Amino acid sequence: MEGARYDFAAAEAKWQARWSEAGVFAIGDDDPRPKYYVLEMFPYPSGRIHVGHVRNYTLGDVVARYKAAKGFAVLHPMGWDAFGLPAENAAIESGAHPADWTAQNIKAMREQLGRMGLSLDWGREVTTCDPGYYRHEQRMFLEFLKRGVAYRKEAVVNWDPVDSTVLANEQVIDGKGWRTGAPVERRRLAQWFLKITDYAQDLLDGLGGLDGWPEKVRTMQEHWIGRSHGLKFLWDVIDEKHKIEVFTTRPDTLCGAAFLALAPDHPMAQTLAGGKPGFQAFLQQCQSLGTSEAAIEQAEKIGYDTGCSAYNHILKRTVPIYIANFVLMDYGTGAVFGCPAHDERDHAFALKYGLPITQVIDSAGAPLPYTGDGTLINSGDLDGLTSAEAKAEVIRRCESDGTGRGVTQYRLRDWGVSRQRYWGCPIPVLHCPNCGVVPVPEGDLPVTLPRDVDFSQPGNPLARHPTWKHATCPTCGGPAERETDTFDTFFESSWYFARYCDPHNAHKAFDAQKAGHFLPVDQYIGGVEHAVLHLLYARFFTRALADCGYLDVTEPFKGLFTQGMVTHATYKNAAGRWLFPHEAAGQDDVTVGPPIKMSKSKKNVVDPAEILGAHGADAARLFILSDSPPERDLEWTAAGIEGAARFVQRLWRLVTERAGTPQQRPQHFDGPALTMRRATHTAIAGVSTDIEAFHMNKATARLRELANAIADYPARDWAAREATEALVRLSAPFLPHLAEEAWEAMGHETMLAGAPWPEADVALLQAAEVTIGVQVNGKLRATITLPADADAAACEAAALTAPNVRRFLEGKTMRKVIVVPGKIVNIVAG
RNA sequence: GCCGGAGUGGCGGAACGGUAGACGCUGCGGACUUAAAAUCCGCUCCCGCAAGGGGUGCAGGUUCAAGUCCUGCCUCCGGCACCA
């Protein structure tokens, strides 16, 4: 045994098979131990796992294995977020049917994940494109419809006029369709929405209790929900019998108003400017913006002067009315007043169109535009009030004369769930010419996707399918058409964590009791890129399901860890198509982009399968954990994995060399044996706290430190055995295969998977001596070693005897000595 | 543009306001070997022979003491509602 190299390939296959045979990771609903639910965001089945997956699932696996060793009944499931755009793109590009393509990808990825040695309960696997899964969300939707949580309204989409296709935001590049290059148009379509705004306050309030979430994610969600207080008030259109309702969060700046601006799709825009010269051209220009907020915000701010004016009763003044491309119909009332002195955008707008800039808030000398609060000036009888007082006063005046009211406003908009695509869950409603929108009767669920679809033309294949959409109205018995929109894929990922609690239930989505047993997820792990959308939708969905009686929890994720992204360079060929790194190699017309987040759509992914094959799962896991703190971005490079593989071999050598150490524990320890034991127990305590704190890189550093200490300890005694066994057990969450093999090599007959976590002996955690620094005027001049319990007087006395300290004090007067026992001595002298 | 992060040796990163650079990667020197691989030992922030000096994106500030706290910037990354 001694001297033989560790055969990772054989050992990994051996232990994966043994874990599987023993079913050590399968978890029952009635396990008496306390539950712990570890969940990583489930993958989109792109076909191959990428390094981001390896990072995500390794992190989760460390937690799952650690918690299992700590005595919890760990639920650690896996599944597939299997609907989405890439399957349709593959169908268009290669002719593969989305269902087949997805099924093949799942098969390949399941096998790859299997080779990572993850402690997953595969018996709970869910696949969202399976009708057995999505039938339940069709029922949820019908329940939402009944309760008014789902509704239909018009909304704009990106329209490619050449392909006659709705484009996703990522398919719009510089305002043009990605395939056709045609300028996209904004087009209004009737679509389905979920009333997440009804839950805005509750979602905001809930953030306060999520202390297991990163502060930054809570802040992002808080800003996304965007609660603000403001004023909705009326302005009279001069010479017309119309009124325009305007929303503002800055009523205090009312007297600085220079203009009113309406959204281009505001109903009043056509009334005021409809037939006027140049207006249609202006609208056209606004239409070409696309629908993404980033595009709108970054576009040049343009306005159209309607020639009309508006009068306000409080202000007692008129201002011109513009139509402006930066005003959003979805937010507030779709109309704002512009105050150039105190808003960046209004300032630029006023300069561009020659509008007056009147300062009404004292900026204490700061240049305009000044967007902060202050004392009011140039505001008539409001002068002298603070911003807060003036806001309240303007709202009070509007309310007393009936022209306005103070309102709480949210930036959050309702969630549009309609997608004009094939590869998604069909929305279970019918459109009847007599009865309007009619829900599909529950007995007819699930509405399944037709298999025979045609991807040779652009657009939604469901909409042009010859027979699928024709149905009979359950209400009147007449002919009706199926809804051809499918759900946003965030719909599936908004409840999968509950399905894992009861994955084989054919009658309902999940049993409330089972969900109540496992939920909330104790530790959820995924990328920061999901900080807002997925996590907010899932929080909302859980509340909506609770209101429908599905479950009793409101917050689905108690603990959240957002890992950093794995980045890689991008490659694009002359035709503008993204290439995989291996495709790009050796081609000459390739543009290399800077390292950015790995994504399937940009194809800048590396293949972990090769790494697993060459170095083994344990080495790959160790490298990805030790290279960077998990919350930070990680640029993937091949360098370093050899170091991890070397450590795996080194650990094996340390263990096999000490396999014969005595099992019998002596009564007393002193000298090197005691020092060895201190190192062992310090490592046990340190690795445990590091895992709990998600400092996996520090935990792996501690494993190396303990390994170094063992290597430096020549005796083959019980202390050596204790240290080596501790190292093996501590490394099990990180290097599960090697740990099992080493545990067996040390003579154990039981598996480490399921074995308890080692406990640190607190009596051994304190070192006998400490080395502290001695500073003179804040600069380090010496270090002194003292007993760990030396008091301040002893520290000071020792510090003053250090030769170099005396040298620096020569000719100076000591003014003050700061002593922090066990830490530092600082002598202030001059 | 708006919101949220991050910047420390050649590189990834450590560091309750208290000895900056743990642990590793790379590199250099050495041992073992016929040789190589593997392994082991030593060195490795910069300048300096040394004493010492400088150093945590930039500019200030608070403190006996600042990578850490405060103010103002710079650069990079993520999200922005139809990628997932």
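In what follows, every chain begins at residue 1, and chains take the letters A, B, ... in the order their sequences are listed. Because the structure is predicted, anything quoted here is derived from the model rather than measured.
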Which is true for [X] with a 4.0 Å heavy-atom rule: it touches a base, it touches only sugar-phosphate, or it touches nothing?
{"X": "A:Thr700", "answer": "nothing"}
{"X": "A:Ile818", "answer": "base"}
{"X": "A:Asn804", "answer": "sugar-phosphate"}
{"X": "A:Leu412", "answer": "base"}
{"X": "A:Thr489", "answer": "sugar-phosphate"}
{"X": "A:Phe487", "answer": "nothing"}
{"X": "A:Gly564", "answer": "nothing"}
{"X": "A:Gln420", "answer": "base"}
{"X": "A:Arg345", "answer": "nothing"}
{"X": "A:Lys301", "answer": "nothing"}
{"X": "A:Phe490", "answer": "base"}
{"X": "A:Val825", "answer": "nothing"}
{"X": "A:Ala531", "answer": "nothing"}
{"X": "A:Asn777", "answer": "nothing"}

A correct 5'-to-3' footprint of nucleotides 3-8 of chain B, with B, S and - meaning base, sugar-phosphate only and no protein heavy atom under 4.0 Å, is SSS-S-

Rounded to the Å, how far apart are [X] [atom1] and [N] [atom2]?
{"X": "A:Ile173", "N": "B:rC83", "atom1": "CD1", "atom2": "P", "value": "12 Å"}
{"X": "A:Phe734", "N": "B:rC23", "atom1": "CZ", "atom2": "C1'", "value": "13 Å"}
{"X": "A:Arg807", "N": "B:rA50", "atom1": "CZ", "atom2": "P", "value": "15 Å"}
{"X": "A:Glu657", "N": "B:rU39", "atom1": "CD", "atom2": "P", "value": "13 Å"}

The single option from A:Trp80, A:Tyr496, A:Tyr524, A:Tyr57 passing ring-ring contact (aromatic ring centres under 6.0 Å, His included) against A:Phe42:
A:Tyr496

What orientation do A:Tyr134 and A:Phe83 show, parallel under 30°, tilted 30 to 60°, or perpendicular over 60°?
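Tilted.
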
Could you check whether the rings of A:Phe491 and A:Phe541 sit parallel, tilted or perpendicular, using 30° and 60° as the cut-offs?
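Plane angle over 60°, so perpendicular.
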
Is the Lys NZ or Arg CZ of A:Arg5 less than 6.0 Å from the centre of A:Trp652's six-membered ring, within 45° of the axis?
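Judged by the rule, A:Arg5 and A:Trp652 form no cation-pi pair.
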
For A:Phe193, is the NZ or CZ atom of A:Lys153 found under 6.0 angstrom from the centre of its six-membered ring and inside 45 degrees of the ring axis?
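Here A:Lys153 passes the 6.0 Å and 45° test against A:Phe193.
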
Looking at [N], does its base get a donor-acceptor pair with the side chain of [X] below 3.5 Å?
{"X": "A:Asn169", "N": "B:rC82", "value": "no"}
{"X": "A:Gln298", "N": "B:rC80", "value": "no"}
{"X": "A:Arg702", "N": "B:rC23", "value": "no"}

Going by the rule side chain to side chain contact (heavy atoms under 4.5 Å, CB included), which residues pair with A:Lys823 if we only count those two or more places apart in sequence or in a different chain?
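Checked A:Lys823 against side chain to side chain contact (heavy atoms under 4.5 Å, CB included); matches are A:Val820.
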
Can you figure out which of B:rC82, B:rC80, B:rU26 approaches the side chain of A:Tyr537 most closely?
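For the A:Tyr537 side chain, the nearest candidate turns out to be B:rC82.
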
Quick check for you: among B:rG1, B:rC64, B:rU39, whose closest atom lies nearest to any side-chain atom of A:Lys816?
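Looking only at side-chain atoms, A:Lys816 lies closest to B:rC64.
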
Distance-minimising heavy-atom pair for A:Asp485 and A:Ser418
OD2-CB, 3.3 Å

Using a 3.5 Å cut-off on both pairing distances, which stems of three or more Watson-Crick or G-U pairs include RNA chain B?
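Stems (3+ consecutive pairs) listed as B:1-7 with B:74-80, B:10-12 with B:23-25, B:27-31 with B:39-43, B:45-47 with B:52-54, B:57-61 with B:69-73.
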
Looking only at side-chain N and O atoms, does A:Asn89 offer a donor or acceptor that is under 3.5 Å from a partner on A:Arg179?
yes

